[in-house]
Amino acid sequence: MWCVKPALSNTRSKFFFVPANLFLGLLIVVAGLRVMVPSAKQAELESLVGQEVVVGGKLYDDPDRTADNLYKIRFKTDGRVNVFATLRVREIDGVLERGDTIVLRGKLNAGFGAFAGSIYRGEVVSYSKSNPPDRLLEIRNWFSNLLERHIPEPESALALGYLLGQKRALPAALLNVLAITGLTHIVVASGANLTIITRMMRRLFGKSRWRALVVALLAVGMMVGMIGFAPSLVRAGLVSVLALLAWYFGRPVHPVRLILLAAATTLIIDPSFILDVGWQLSFAAFGGVLLFAPVLTRFFYGEEKAKTLPQIAIETLGATILTLPILLYHFGYFSLLSLVANLLILPTIPLAMLLSFMAGGLAFLPPLAMLAGVLATWVLRYHIAVMEFFGEMEFAIVEVSWAGWQMALAYAVILVIWLAMKFGTRTRLLEVNIIE
């Protein structure tokens with residue numbers, strides 16, 4: 001009788017797989033339809049496009065600072081409607097941060113993506129700091145100051161990008177190089193950051209499954225809280241929590257269901273996420289790693305397990321394939337050097353993150369913090385050297401602008417190829433685990 005139970009369990013899993021996925025897919029479609037029908041507040045704002053307006057709200061993400069001393073800010077007016085704006089840094093007495101409230105005056109322009117409207121070079125009417133103060137933000141700033149004591153610029157800015165997804169301290173020239181080489185994703189708070197952290201926690205505390213789970217969940221919660229609730233990070237945090245729970249209970253979760261569950265949950269939280277480019281790229285890259293990469297690995301290696309560098313190359317290729325149509329649709333370019341640059345940098349990012357964290361976290365032990373800072377600086381300088389070397393090769397940027405139907409056609413072709421390879425190689429996606 002013992003041999004019957006697994007068979008029944010497998011049959012039951014297959015029986016529930018399709019209906020469950022269809023239900024999750026339906027939730028995603030409903031969220032998309034909700035976004036297509038604007039709310040009363042959104043319709044009211046959109047009716048004022050072309051006019052001088054006074055509008056304000058709370059910043060839900062850290063501002064980006066441009067080379068020409070402008071803040072790019074994202075806030076919600078009336079707590080629900082997303083607005084994008086730029087303003088001169090000199091109009092703010094201090095540093096503008098997530099959670100601050102701001103009121104701007106300026107000409108309202110049409111929105112884009114998840115934004116119902118946009119204001120360029122807005123005049124600041126008033127602004128105020130978060131009240132009550134954001135304690136997690138204060139912890140983040142405190143840690144950043146400690147790290148900067150032991151790692152010089154611009155290496156410290158890159159370290160904070162890796163650890164906390166902070167791009168605002170990065171020099172404009174380095175941001176441009178990151179775009180040219182297709183490496184911007186490594187300094188954006190996303191699944192890559194959280195995956196590295198959860199894997200570290202699992203390996204450090206792996207002897208005690210319960211301790212590893214608790215520490216990893218606390219680390220994920222702290223990171224999301226300190227960085228903010230950007231769409232890509234909400235997705236990444238949810239996926240990390242689900243994957244950790246599945247690992248703890250020893251119950252494999254099919255990647256398709258994991259992706260659909262994460263998408264449906266984040267869209268229930270905020271349907272406008274579906275229009276956010278970061279959210280779209282995050283899920284595309286996630287699908288590339290969890291769905292496309294295992295098929296490619298099986299295609300090239302069969303039953304064998306790929307070594308570290310080939311596995312990184314395959315996962316990068318999978319993410320690149322699935323994000324390329326979105327990049328061409330929204331931005332109209334892609335980098336030919338992305339795969340090579342990622343291969344040279346990604347294997348050492350966990351080491352850079354660990355050393356950088358030690359440089360800030362061991363401030364109570366100055367000698368160890370200084371040693372960690374020196375070692376982290378060497379690794380980070382290597383990263384910057386690679387970025388600058390490839391960044392000078394601007395010929396590697398290929399400009400190709402796609403329409404919506406071309407993007408949809410590209411994904412249809414990718415789906416057909418993926419299905420053919422999956423069934424041809426007999427890849428079992430249930431064996432995929434992002435924290436192993």
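No hydrogens, no waters, no symmetry mates; every other heavy atom, side chains included, goes into these values. One-based numbering along the sequence shown.
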Can you name the closest pair of heavy atoms from [X] and [Y] and give their distance?
X: Ala293; Y: Ile314; result: O-CG2, 3.5 Å
X: Leu147; Y: Ser356; result: CD1-O, 3.4 Å
X: Ser130; Y: Asp100; result: N-OD1, 3.4 Å
X: Ala284; Y: Tyr411; result: CB-OH, 4.2 Å

Non-neighbouring partners of [X] that pass ring pair (Phe, Tyr, Trp, His ring centres under 6.0 Å), sequence neighbours left out:
X: Tyr71; value: none
X: Tyr301; value: none
X: Tyr127; value: none

Would a 4.5 Å heavy-atom cut-off, applied to side chains only, mark [X] and [Y] as touching?
X: Thr348; Y: His383; answer: yes
X: Asp61; Y: Arg98; answer: no
X: Val124; Y: Leu104; answer: yes
X: Leu291; Y: Lys422; answer: no
X: Val83; Y: Leu45; answer: yes
X: Leu371; Y: Leu362; answer: no
X: Phe84; Y: Asn109; answer: no
X: Leu322; Y: Phe283; answer: no

Check: Can you list every side chain to side chain donor-acceptor pair (under 3.5 Å) pair that touches residues 316-327, not counting sequence neighbours?
Finding: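 Residue pairs with at least one partner in residues 316-327: there are none.
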Note to self: Given 3.5 Å as the limit, does a donor-acceptor pair link the side chain of Ser118 with the main chain of Ala85, or not?
What the structure shows: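 Checking the backbone N and O of Ala85 against the side chain of Ser118, no donor-acceptor pair under 3.5 Å is found.
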Note to self: Suppose the criterion is salt bridge (Lys or Arg N to Asp or Glu O under 4.0 Å): which pairs have a residue in residues 103-112, not counting sequence neighbours?
What the structure shows: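 Passing the test, one end in residues 103-112: Arg105-Glu123.
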Note to self: Checking Ala412 now: which residues fulfil side chain to side chain contact (heavy atoms under 4.5 Å, CB included) with it, not counting sequence neighbours?
What the structure shows: none
Next item on the list: Nearest 0.5 Å please: distance from the CZ atom of Arg121 over to the CG atom of Leu87.
Entry: 10.0 Å
